[in-house]
Amino acid sequence: MTQTTLLQYEAPWPVHALDWCKSTAPGHQSRPRSAFRLGIASFTEDYRNRIAIVGLQDERVLVEDDYTDYPDFVTLVEANHGYPATNLQWQPASASGFPWTGKAPAAELLATTGDALRVWEYFGDAPPASSAYVGRQPTGGGHRLTLKTALSGQSKVQSQSTGPPLTSFSWNEKAPSLVVTSSIDTTCTVWNIDTSTAITQLIAHDREVYDVAWLPGSTDIFVSVGADGSPSLEHSTILYETPAPKSGPPPASASSRLPTSPLLRIAFNPADSNYIQVIELRGHRAQVNSMGWRDDCQVLLWDLATYTQTATSPRTANSRLNSPRPDVKKRVVSDPIMAYSASSEGMTMNTGHSTAPGEWLAIASGKSIKALKV
């Protein structure tokens, strides 16, 4: 008998967003593998998108590679979502001990963004019911996924009655009632999802805001990135800006900035918040009239521990956020420690914290989801 290193699931639709559950199921704290669940969201070009929760049919598949009596993952419950979800996240692990006023004790929370910030309550009261049809995965059972609230506030910079589309969000781990969203209307909004109210809305960028992330350990500082090519720190310091092209059109006026490449995603290093990872989209020098994805269908895993341990600046609890030491020479990390190749394009990735932090990695490629043990 060999230990499992790969688990698979086939969704009925293309998967765009996914996230591992971050805590054990209520009432099952003695079963750490009860956290081995994924929230997933579809991407179809219509108003019939879905979100679903998938979980293990039998926990023995984690330790027995030759255990084939059941599928690895099965659909526990699903719900309509309308427009595609731009982001999907389970509640932080700290949410299980938070003093909620508007949440059922047995419920776990999920959140999604799209045309609004939606908060969902998931109840996993019973194992999935078995199916009487050969080849059909069981669904339903005692599992329920219900919409708790949908938040879409008035924009500071647009006059329409409904809120503008939301591109992403970040869930605060220290105070899980706080969620900050980013929008195409240049704003970021901080919400209290326990009271379903907007705390504040900030004009964070000159153009669309694509992603946002809370500073680890903070309830009042977050970082955002957008089409103007610079992550800003609320409220508001430019931490980094993509370099302007050396040979390009001059600015329209003396007060305007040179064009820079958009930044699409941002994430803090969980081990050292002095480090921020961003994804840059290389810009064009003229109007863009068409675009397409090019994907080499690979997942590369890098170990940056030896590169960040000697380059961080001293940081104390009161220093909030420091930049790396300016006298440290930049290093180039060229070789990943692990690589995985998929069979189709359009991959989405999410790290897992199910049985041990970082032990499993989930990737979605088309309709296929694979969980890889690292």
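Just so it is clear, the structure is predicted and the values come from calculations on it, not from any experiment.
The OG1 atom of T167 lies 9.5 Å from the CG atom of D185; values are rounded to the nearest 0.5 Å. F169 CZ to I193 CD1: the interatomic distance, rounded to the nearest 0.5 Å, is 9.0 Å. With rounding to the nearest 0.5 angstrom, the OG atom of S183 is 7.5 Å from the CD atom of Q201. Atom CG of N87 is separated from atom OG1 of T113 by 5.0 Å, given to the nearest 0.5 angstrom. To the nearest 0.5 Å, the span separating CD1 on I369 from CG on L18 amounts to 6.0 Å.
With Y122 as the fixed residue, the side chain to side chain donor-acceptor pair (under 3.5 Å) test singles out one of H143, Q91, E108, K148: H143.
Screening residues 38-59 for ring-ring contact (aromatic ring centres under 6.0 Å, His included), with sequence neighbours left out, gives H16-F43, Y47-Y83. Among residues at least two apart or in separate chains, there is no side-chain hydrogen bond (donor to acceptor under 3.5 Å, both in side chains) pair with a member in residues 169-178.
Every residue two or more places apart in sequence or in another chain was checked for a ring pair (Phe, Tyr, Trp, His ring centres under 6.0 Å) with W120, and none qualifies. Every residue was checked against the salt bridge (Lys or Arg N to Asp or Glu O under 4.0 Å) condition with D194, not counting sequence neighbours, and none meets it. Remark: W13 engages no residue in a ring pair (Phe, Tyr, Trp, His ring centres under 6.0 Å) (not counting sequence neighbours). Not counting sequence neighbours, the partners of R48 by the salt bridge (Lys or Arg N to Asp or Glu O under 4.0 Å) test are D46.
A donor-acceptor contact shorter than 3.5 Å links the side chain of N49 to the backbone of G82.
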